[in-house]
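Following: one structure in structure tokens, then a few remarks.
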Amino acid sequence: QVQLVQSGGGLVQPGDSLRLACTASGFTFDHVVVGWFRQAPGKEREAVSCSSSPMGGDGATYYSDSVMGRFAISRDGATNTVYLQIQLPNSEPTAFYYCMSERETRTFGPACRISGYWEVWGQGTLVAVSS
């Protein structure tokens with residue numbers, strides 16, 4: 001069964017850092033494009049990061065302007081898990097974060113910033129920033 005299971009998130013303070021995890025079953029993360037989106041209440045879904053496969057892809061990484069320098073995507077092939085390390089500024093909004101994956105594509109293009117591009121989605125995890 002192909003699925004992504006997310007963990008991490010919760011209630012955090014402005015200035016905190018945290019790591020979100022996304023573990024795949026039914027396929028191998030290192031062979032495909034992976035990414036993260038987020039959606040704040042009342043806002044459109046935003047592509048946060050895309051990552052090309054390090055095995056057969058070009059290994060490139062994309063970050064949106066709003067998170068550049070503060071978020072980092074990484075992979076652990078041994079556990080088939082993708083991570084998103086987040087450094088929260090004081091003004092970061094509460095949002096649901098979603099991991100996504102392709103099943104065969106190894107190198108991402110501009111379409112990775114479109115939510116309809118992705119084949120497999122995690123269940124989402126809430127990062128609630130305390131005010």
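Quantities reported herein were computed from a predicted structural model and do not represent experimental measurements. Position 1 is the first residue of the sequence, and the numbers go up from there.
- When all heavy atoms of Phe27 and Asn80 are compared, the closest pair comes out as O-ND2, 2.8 Å.
- Residues Thr105 and Thr107 come closest through the heavy atom pair CG2-O, 3.4 Å.
- Between Tyr98 and Thr125, every side-chain heavy-atom pair lies at or beyond the 4.5 Å cut-off.
- Phe71 and Val33 fall into different hydrophobic clusters, where Ile, Leu, Val, Met, Phe, Trp and Tyr residues are linked whenever their side-chain heavy atoms come under 4.5 Å apart, directly or through other members.
- Side chains of Ser53 and Val32 form no contact here, defined as non-hydrogen atoms less than 4.5 Å apart.
- Side-chain contact between Leu20 and Val127: present, with at least one pair of heavy atoms (C-beta onward) separated by less than 4.5 Å.
- Here CH2 of Trp36 is found 4.5 Å from SG of Cys99. Values are rounded to the nearest 0.5 Å.
- Taking CD from Gln123 and SG from Cys22, the interatomic distance works out to 8.0 Å, rounded to the nearest 0.5 Å.
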Inset, instruction - Could you check Glu46 against Arg38 for salt bridge (charged side-chain N to carboxylate O under 4.0 Å, His left out), going step by step and ending with a plain yes or no? - result: CA-CA 5 Å; Glu46 173 193 11; Arg38 68 179 177 182; 2.8 Å; yes
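- When every heavy atom of Ile73 is checked against every heavy atom of Gly35, the shortest pair comes out as CD1-CA, 4.4 Å.
- For the pair Arg19 and Tyr83, the distance from NZ or CZ to the six-membered ring centre is under 6.0 Å and the angle to the ring normal is within 45 degrees.
- With a 4.5 Å cut-off on side-chain heavy atoms, Tyr62 and Phe108 count as touching.
- Contact check for Ile86 versus Leu84: side-chain heavy atoms found under the 4.5 Å cut-off.
- Side-chain contact annotation: Gln87 with Arg70, donor-acceptor N/O pair under 3.5 Å absent.
- Rounding to the nearest 0.5 Å gives a distance of 14.5 Å between CZ of Phe29 and CE of Met55.
- Met100 and Phe96 fall within a single hydrophobic cluster, where Ile, Leu, Val, Met, Phe, Trp and Tyr are joined by side-chain heavy atoms under 4.5 Å apart, directly or via other members.
- A donor-acceptor pair under 3.5 Å links the side-chain atoms of Thr81 to the main chain of Thr79, judged by distance alone.
- Expressed to the nearest 0.5 Å, how far OG of Ser49 lies from OH of Tyr63 amounts to 4.5 Å.
- Between the OG atom of Ser130 and the CD atom of Gln13 there is a distance of 4.0 Å, given to the nearest 0.5 Å.
- The environment of Arg103 atom CZ is sparse: at most 12 non-hydrogen atoms of other residues, nucleotides or ligands sit within 6.0 angstrom.
- With a 4.5 Å cut-off on side-chain heavy atoms, Arg75 and Ser51 count as touching.
- The closest side-chain heavy-atom distance from Val129 to Pro93 is not below 4.5 Å.
- Using a 4.5 Å heavy-atom cutoff, the side chains of Gln85 and Ser17 are in contact.
- Between Glu102 and Glu119, the closest heavy-atom pair is OE2-N, 3.2 Å.
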